[in-house]
Amino acid sequence: MFNSTGNNFGAGQISFKDYQVSNYVVLNAKFSFDPTSAEYQACDQLEIYVPDLSIDRSAVGAVFVRFMEDAHYSWGDSIYDGGSILKSWVKDKNTIVIEKQPWFDQNGPLIIYILTLYPQLNQGANTIKGTQQRLTMTTPDNYLRFNYETFMVEFEHWVFIHLLFSGCSYAYRDSLWEVVMEELPADITADVPICGGGNQMHPECDGMAEAHIENKTLSNQRRVMGFWDTGHDPFVYAFLVRDNNA
């Protein structure tokens with residue numbers, strides 16, 4: 001783990017989980033910032049300054065940006081959280097860059113999730129190979145269901161996961177979800193965005209919820225109103241650093 005040494009958009013100190021080797025790094029972080037701040041308004045791209053990384057520049061990866069929005073009506077409350085992905089890359093061994101897109105600035109504060117593998121740019125290396133493994137997602141009475149494309153690829157120090165939601169028993173749609181991912185290593189702890197679900201108030205984007213992973217269990221309570229809309233299949237896509245790293 002390490003902490004950032006600064007940034008140019010007013011986010012304060014950012015804590016990272018990391019796994020680093022000579023030809024790639026896996027970084028995990030979650031932080032928020034105010035898009036109305038003077039620092040953010042003045043920058044052309046978001047830059048996070050960090051201690052020396054093992055690589056000095058990378059290919060482009062993806063990070064997630066999310067906002068939260070509640071609406072209160074006479075008949076109840078609605079959730080219209082949304083988000084998207086942003087390009088990100090390692091500019092040099094001390095700088096991580098995230099592209100600046102003003103689409104959601106009026107919905108701040110904004111939350112960014114870095115759950116990303118950054119490969120060294122223009123460097124040949126021996127390829128690492130992993131085996132895709134189906135994830136068994138277990139809930140009482142199978143109330144939460146996942147597509148067959150729900151899987152993980154496990155390495156000694158990190159794991160890639162892809163979850164694809166397919167259905168939920170009606171009685172549980174507004175409940176706290178807790179699903180055991182039986183094959184997932186127990187040393188994974190992270191907050192991950194759940195991308196997808198229609199967003200009636202923000203048709204320029206899909207919904208974006210958040211889930212917490214700990215002790216092989218994924219839990220989620222807050223979901224957008226259109227979570228099960230046709231054609232907006234919610235999914236999780238994340239490179240996650242294991243807690244076994246010194």
Side-chain angles (χ1 to χ4, degrees), residues 1-68 83-101 104-105 108-121 123 155-161 185-193 208 210-215 218-219 236-246:
M1 297 183 67
F2 64 85
N3 293 325
S4 65
T5 59
N7 62 77
N8 70 341
F9 55 98
Q13 189 175 72
I14 300 168
S15 297
F16 286 86
K17 284 185 180 180
D18 66 308
Y19 178 64
Q20 305 190 43
V21 290
S22 62
N23 62 322
Y24 70 91
V25 298
V26 183
L27 300 179
N28 290 174
K30 172 190 170 183
F31 59 90
S32 61
F33 65 95
D34 179 4
T36 67
S37 70
E39 296 94 333
Y40 176 82
Q41 292 294 322
C43 71
D44 295 321
Q45 60 187 15
L46 281 59
E47 296 187 354
I48 304 170
Y49 310 120
V50 296
D52 289 357
L53 298 173
S54 63
I55 63 175
D56 60 8
R57 56 179 180 161
S58 80
V60 171
V63 303
F64 299 89
V65 60
R66 173 174 173 250
F67 63 87
M68 300 174 67
S84 187
I85 59 172
L86 300 172
K87 295 178 182 178
S88 178
W89 62 94
V90 173
K91 176 183 175 182
D92 56 53
K93 66 180 181 179
N94 298 117
T95 310
I96 300 164
V97 175
I98 300 172
E99 69 170 326
K100 180 179 179 179
Q101 293 287 359
F104 307 131
D105 286 0
L110 299 178
I111 306 166
I112 285 187
Y113 303 82
I114 300 177
L115 306 163
T116 310
L117 186 150
Y118 295 93
Q120 171 72 42
L121 186 65
Q123 175 180 302
F155 296 93
E156 181 180 0
H157 297 285
W158 58 276
V159 174
F160 170 73
I161 64 169
D187 56 3
I188 296 287
T189 305
D191 292 330
V192 297
M208 189 174 288
E210 179 186 280
H212 181 70
I213 297 174
E214 189 169 356
N215 295 325
L218 179 142
S219 57
V236 172
Y237 182 102
F239 296 87
L240 300 174
V241 177
R242 300 176 65 169
D243 293 333
N244 62 10
N245 293 301

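Values reported hereafter were calculated over all heavy atoms of this structure, with side chains retained and with hydrogens, waters and symmetry mates removed. Throughout, residue positions are numbered sequentially from 1 according to the sequence presented.
Rounded to the nearest 0.5 Å, atoms CZ (Phe33) and CD1 (Ile111) are 10.0 Å apart. The distance from atom CZ of Phe64 to atom CD1 of Ile98, rounded to the nearest 0.5 Å, is 12.0 Å. For the atom pair CD (Gln101) and CD1 (Ile85), the distance works out to 11.0 Å, reported to the nearest 0.5 Å.
Side chains of Phe16 and Ile114 form a contact here, defined as non-hydrogen atoms less than 4.5 Å apart. Counting heavy atoms from C-beta outward, Leu46 and Tyr40 have side chains that approach closer than 4.5 Å.
When all heavy atoms of Arg66 and Met208 are compared, the pair lying nearest together is NE-O, 2.9 Å. Across every non-hydrogen atom of Leu121 and Ala59, the tightest pair is CB-N, 3.9 Å.
A donor-acceptor pair under 3.5 Å is absent between the side-chain atoms of Arg57 and the main chain of Trp89, judged by distance alone. Side-chain atoms of Gln120 come within 3.5 Å of backbone N or O of Asp56 as a donor-acceptor pair. Using a distance-only test at 3.5 Å, with no hydrogens or angles considered, no donor-acceptor pair links the side chain of Ser4 to the main chain of Val50. The backbone N or O of Glu47 sits less than 3.5 Å from a side-chain atom of Asn8, completing a donor-acceptor pair. Judged by distance alone, the side chain of Thr116 and the main-chain N or O of Ala62 form a donor-acceptor pair under 3.5 Å. No donor-acceptor pair closer than 3.5 Å links the side chain of Asp105 to the backbone N or O of Thr36.
Taking the six-membered ring where tryptophan is involved, the planes of Phe160 and Phe239 are tilted, since the angle between them lies from 30° to 60°. Classification of the Phe31-Phe9 ring pair by plane angle, with boundaries at 30° and 60°, yields tilted.
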I would like to know whether Asn94 and Asp52 meet side chain to side chain donor-acceptor pair (under 3.5 Å); could you show each step before the answer?
-> CA-CA 5 Å; Asn94 298 117; Asp52 289 357; 2.7 Å; yes
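Within the structure, the salt bridge (Lys or Arg N to Asp or Glu O under 4.0 Å) test picks out the following pairs touching residues 21-31 (sequence neighbours left out): Lys30-Asp191, Lys30-Glu210.
Screening Val26, Asp18, Val159 against Val241 for a side-chain contact (heavy atoms from CB on, under 4.5 Å) leaves a single residue, Val26.
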